[in-house]
Each structure stands twice: as structure tokens, then as C-alpha cells.
Undergrad: 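Structure provided below as C-alpha cells; questions to follow.
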Number of protein chains: 2
Amino acid sequence: MDQTHPPQTDDLPDEITGPPASVDEFRTRLADILDDLPRRLRQCADYIAANTDRIAVSTVAELATGADVPPSAVMRFCQILGFSGFSEMQRLFREAYSPGWPDYSTRLKNLKEGGAGSPTALLAEFIEAGRQSLEALAKSADEVALQQAVAVLAGADTVHVVGLRRAFPVASYLAYVFEKMSVPAMLHDGVGKLDHRFALRPNDAVLAITFAPYSEETLTLAQDAKARGLPVVALTDRMTSPLVRFSDAILTVPEVDFGAFRSLSATIAMAIALAVAVGSARGS
Amino acid sequence: MDQTHPPQTDDLPDEITGPPASVDEFRTRLADILDDLPRRLRQCADYIAANTDRIAVSTVAELATGADVPPSAVMRFCQILGFSGFSEMQRLFREAYSPGWPDYSTRLKNLKEGGAGSPTALLAEFIEAGRQSLEALAKSADEVALQQAVAVLAGADTVHVVGLRRAFPVASYLAYVFEKMSVPAMLHDGVGKLDHRFALRPNDAVLAITFAPYSEETLTLAQDAKARGLPVVALTDRMTSPLVRFSDAILTVPEVDFGAFRSLSATIAMAIALAVAVGSARGS
DNA sequence: GCAATTTTGGAATTTTTATTCCAAAAATCC
DNA sequence: GGATTTTTGGAATAAAAATTCCAAAATTGC
């Protein structure tokens, strides 16, 4: 009704801002106001900040109890944040929680029930390993290192890609993507070791990929390149990898294994991102 | 009421069982009754089984709409499962509720904020593509086809693996895993086409991998194998793939692309599962 | 210390949501 | 084919939850 100017008001339209449009915005706004909030409202803010994930499944009364305030305080809190009320705030969190693939976990469970060792159970395990790897990568990715790596490779004449054994699929995919992106690249496959030394020219760069147990040949090539003053980018499993010593930019990927085999999901995601970024950095 | 008392007291209340005490028990009970359920109730069951994780954040009306039934049908469904009503069922799921975020999805969002085309934004996209691919695979995997494929390959003397271009990384990884599992395998890499024909021996099998646009050489090899009566297993993107014609077992993987490049996550998960299953089937 | 302003708690109210109930429709049985 | 049982849809009702409102308490400014 009187949503707009009431008759007698000190018109202090501090915030005509609408409700937060995302969970992130919600957090930002919450942090902004947190400091100048009266006692009870502050209790709400603290409790809710610490329990954001329960907003979607709680009632006003429950949150109020949790924060040890009366329900009306929670309502006020919602309004201060820009929502029309609690329901609007809750809607934000209910919608934000929408993994597009609801029956994923059910289905995975069914697959696993095929019995330990059955093909479908194996598949479920590898799917899960891959997914965990990707999520871990999302959390741990080093943005600075990635930018460095792109810069190094974008400045090279030819990119020498080396990766053997388990790393070879990644190396070969990188070579493929580089070719598609018109980046001069050379895939070293470990046969004819002598060729390597001659192939490395000034202004080239090396992209070396290896995971424990680290492949001798890959390390050697990286070392050679370093000795000649060529920049080396490492794609490896951890910061203690021997590759780290020779490298100018280090990308680590947290890959979850199942049994003896890597899912490679995270490694490949990182590899493609790198290659495409290098490709477009060169293009422009 | 029955006048004549039968020997057994089958006029007892049908359900003395209380409500499911856990999500697992819920699933079990749902699976039990699923088969003998009238039409509308079955719609509920199907929809809810496929959307269990939305129960915690939905209203009866919302679920009813989703399942395309009236709200009362949903209520009946809850009661059949042993709950006193929807609220009790919802309580179970609300207690178990714990969303995957904030970490993962917030972080992804931050990565993307590096700006379109930035290396980290690309990484986020590929991570997301990979994850979606894996989840889609979990949903769509054809257990029967997988078992067929394992049977075919486990019975072969030598497995010929062929996959070129984008499929080559997968093929090479398969070759690696087969080697580790002591399965005689041969990786065909497209150079020296003539070799292929001679390499195929009676009792061998072919594992062909290709995605649109399908590689000529791969199709040719599969066709040759078929012509000689060798079994062919296809790992491809859809049922309309030209590979399907020559194949005895068809594995399709729903891979989500970002830009021009496949994440390969799902394909590799399927490939490893297949290889490991074949390896252990032979071992025993 | 007094008046003005802000903050608070909880009761009253409104809105939404869950739940029941029953007549009609459909299916099943004899 | 008619009687009986099961299933269904939706209106009616009950319950729960959200939201508003206002008087009392606390705080602030002078």
C-alpha cells in the first residue's frame, strides 16, 4: 500500500535496492550491514551467516529459536536485507539449491548395487572419482599460476608437449587442441629420445605432464629445456613433484584415483582450459 | 466386516510399520511398493524417486504439479509409505539436507568472474562441462550394453583399440589400462593403414571409439572387422552413430561440450570402467 | 533527567500450506 | 452386465507459518 513515500517521513531513501539476487550478493550485503546493527538483529545476522545452508529448509520460528530471538526479529532482519519478508529470502535459497541433475545420486547408488566388481559398480566408482576430482580442482585451482602458464606458453614459438604413460592421453589431447587453435605444438611421445634435444629451439617452451611415479623421460626433457633457458610449464599432481624444480609455472591438479587408475577428469579440464586460453591469447 | 472369520487374521491393519527412519530406508520401501501401485500413485512415486532431493525444499503443491497429479495424490503417497503425512516425510529430508555448496559452486562462480575468456573462467566452464557429463552418464548408462561389451572383449584374444583425433586420448588411455591389466591389446593410431588388416586375427575383437564428425579410418577398421566376423564394441556419442551398424555392443556417452572441445570426462570414466572390468573378467 | 527516537517482544492477523473427506469415476470381480 | 471395490479429484477444513502492529522497554540526544 504505502510502499512509496509515506506522508510524514524524513526521506532517507538509504537503500532502495531490491532484494539480493544471488547467494553471493546476500553474503556481501550481510557483511556490509553487519557492523551497525542493534543487538537482536545482530544475533540474527550472526546465526544466519553461520547457518546459511539451513535457510532453505527452516521456518522463521526455527531460525528464531536458533538465534535466540523472537520471530519478529528474524522478519525484521529479512526486511533490512532488502527482502519483502522471510518467504522471499527463503525462495532465493531454495532456488539456488538446484543441482540440475536430481536423480544423480540415486542412480549412482543403483549402479553401485550391481555388486562389487561388476562393470556398472566400477563405472559408478569412476564417475564418482571424476566428479570429486573436478570439485576439488574448482576449490584448489591456483589462478595466478594458471595465468603465468598461459603467459609463458602464449609467448613461445613452439610448444613442446610431453607426457608419458598415464599422462600421455592428456598430452595427446593437448596436442590436438593446440592444433585446432593454430598453436604450433609438438607432441613428444618418448620414442627416439635423441630427437627431443634437436627439436627444442630458442624461444620455444615446454609443457610437461607427469604424476607419481614420475616418468624419467619427461623429467629429463624438462631438465634439458631448463638448462637451455627455455621456460617450462608443469602439469603435475603436487607441489613436491620433481618437476617443480625445473618449472616456471606449476599447475597442480588434485586427481582422485579409484583403484590404480586416475580419472583424469580434472587433469583434462585443466589441460583444455590452458590450451584454449593460450590459443586465444595468441590469436589476439 | 467379515462375518466368517478366516483361519488367518488378515483383517489386521495392513501397515503396522512406522515411517522410514532414514533416506535409505525410504528408498528401499519405495522400490518395494513401486510395482503394485495404481496409476496416479505411481506417477508420484516415479517423480519423487527422481527428485528426492527436492522434497526438503518443496511444498505438496509443487511436487504435485511436478508429478502432474492433484495434491491429494501426493498426500496419499506419503501415507502409503508409512508417514503420517507430507510434513513428516519432509522432516526426514530436511534433517538430512546438506547442500554441496557453498564451497564448490561459489568457487566456480568466482572463477568465472575472472571475465569471459579469461583462463580461470575457461577452467570453470570445463570443470562444469565435465561434471555435467559425468552426472549425465550416471543417469543414462546402459548396464546391459556394458555387460555385453565386457563379455565380448573378455572373450577375445587381442583387443584392437582404435580412436583418432579427439578420441585418441581415450584410445591411448585404454591401451595403457589394458596393458596394466595384462590384457593383450593393440592401439591403432591411423598411420600405416595397411597394417590394420593384417593385425586383425580370428578370435580378436575391436573396440572402436569415435564421435561426430566420425573419423573415416575408425569406421573403416570397424567395418573390416565386422566383415571378417570379428566382434566390435562401439564407444560413441549417440545411437545414430554410423558405428552402430557394425557393432555388437554399443556404449554411448553423453558428453557435454564447452565451445568446440569435449570434456572427455564421461568418455574416460566409461573407458576405464570397461577396461578394468574386462581385465578382471579375464583374470578370473 | 526528560523528551525523542529506536529497538524489542509478543499477540493478533493474514496468508499459505497441509490434510481430510466424500462423491464421482474407473477398475475389478462374479 | 451389474455389483463391489478401488482409485481419483477437488472442495472444505484444519494446521502451520508468515507477517504486521503496537505498546513497552531501551537507548540516545540534549
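Quick caveat, the model's predicted, so the values are computed rather than measured. Keep in mind that the numbers below use all heavy atoms, side chains included, and drop hydrogens, waters and symmetry copies.
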Undergrad: Near DNA chain C, under 4.0 Å by heavy atom, which residues of residues 37-45 of chain B?
TA: none
Undergrad: State, to 0.1 Å, how close A56(B) and V57(A) come at their nearest heavy-atom pair, and which atoms those are.
TA: O-CG1, 3.7 Å
Undergrad: Between C1' on dT19(D) and CZ on F77(A), what's the gap in Å once rounded to a whole number?
TA: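 Value for this atom pair: 17 Å.
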Undergrad: Please tell me if S72(A) has a side-chain N or O lying less than 4.0 Å from either OP1 or OP2 of dT19(D).
TA: no
Undergrad: Could you label the plane-to-plane angle of the F26(A) and F93(A) rings as parallel, tilted or perpendicular, counting under 30° as parallel and over 60° as perpendicular?
TA: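 Aromatic pair F26(A)/F93(A) classed perpendicular.
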Undergrad: Quick one: L63(B) CG to dT16(C) P, roughly how many Å, whole number?
TA: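 Those two atoms, CG and P, are 19 Å apart.
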Undergrad: Give me the atom names and distance for the closest heavy-atom approach of P254(B) to S140(B).
TA: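 Looking at all heavy atoms of both residues, the closest pair is CG-OG, 3.6 Å.
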Undergrad: Please report the shortest heavy-atom distance between Q90(B) and S58(B), naming the atom on each side.
TA: NE2-O, 2.7 Å
Undergrad: Within this structure, what is the CG-CG distance for the pair D36(B) and L41(B), rounded to the nearest 0.5 Å?
TA: 11.0 Å
Undergrad: Just how far is it from atom CD1 of I127(B) to atom NZ of K139(A), taken to the nearest 0.5 Å?
TA: 11.5 Å
Undergrad: In whole Å, I'd like the distance from the CD1 atom of I80(B) to the P atom of dT20(C).
TA: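 Atom-to-atom, I80(B) to dT20(C), this comes out as 14 Å.
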Undergrad: Side chains of Q79(A) and R76(A): any donor to acceptor distance under 3.5 Å?
TA: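 Looking only at side-chain atoms, Q79(A) and R76(A) do not form any donor-acceptor pair under 3.5 Å.
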Undergrad: Do R262(B) and F211(B) meet the cation-pi criteria used here (NZ or CZ under 6.0 Å from the six-membered ring centre, within 45° of the axis)?
TA: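 Yes, R262(B) sits over the ring of F211(B).
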Undergrad: Please give, in whole Å, the distance from dA18(D) P to R91(A) CZ?
TA: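 Checked: the CZ to P distance equals 13 Å.
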Undergrad: Are Q79(B) and dT20(C) close enough that a side-chain N or O sits under 4.0 Å from OP1 or OP2?
TA: yes
Undergrad: Could you tell me the separation between the CE atom of M75(A) and the C1' atom of dT19(D), rounded to a whole number of Å?
TA: 5 Å
Undergrad: With a cut-off of less than 4.0 Å, is there a side-chain N or O of S87(B) near OP1 or OP2 of dT17(C)?
TA: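 Checking S87(B) against dT17(C): no side-chain N or O falls below 4.0 Å of OP1 or OP2.
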Undergrad: Would you mind telling me which of dT20(C), dG10(C), dT19(C) lies closest to the side-chain atoms of F86(B)?
TA: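 Closest of the options to the side chain of F86(B): dT19(C).
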Undergrad: Counting the atoms with a prime plus P, OP1 and OP2 as sugar-phosphate, which does E88(A) contact under 4.0 Å by heavy atoms, base, sugar-phosphate, or nothing?
TA: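 Nothing, no nucleic acid heavy atom in range.
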Undergrad: Enter the distance from R27(B):CZ to L30(B):CG here, rounded to the nearest 0.5 Å.
TA: 9.0 Å
Undergrad: I'd like a list of close polar pairs between nucleotides 22-30 of chain C and the protein, N/O only, cut-off under 3.5 Å.
TA:
none

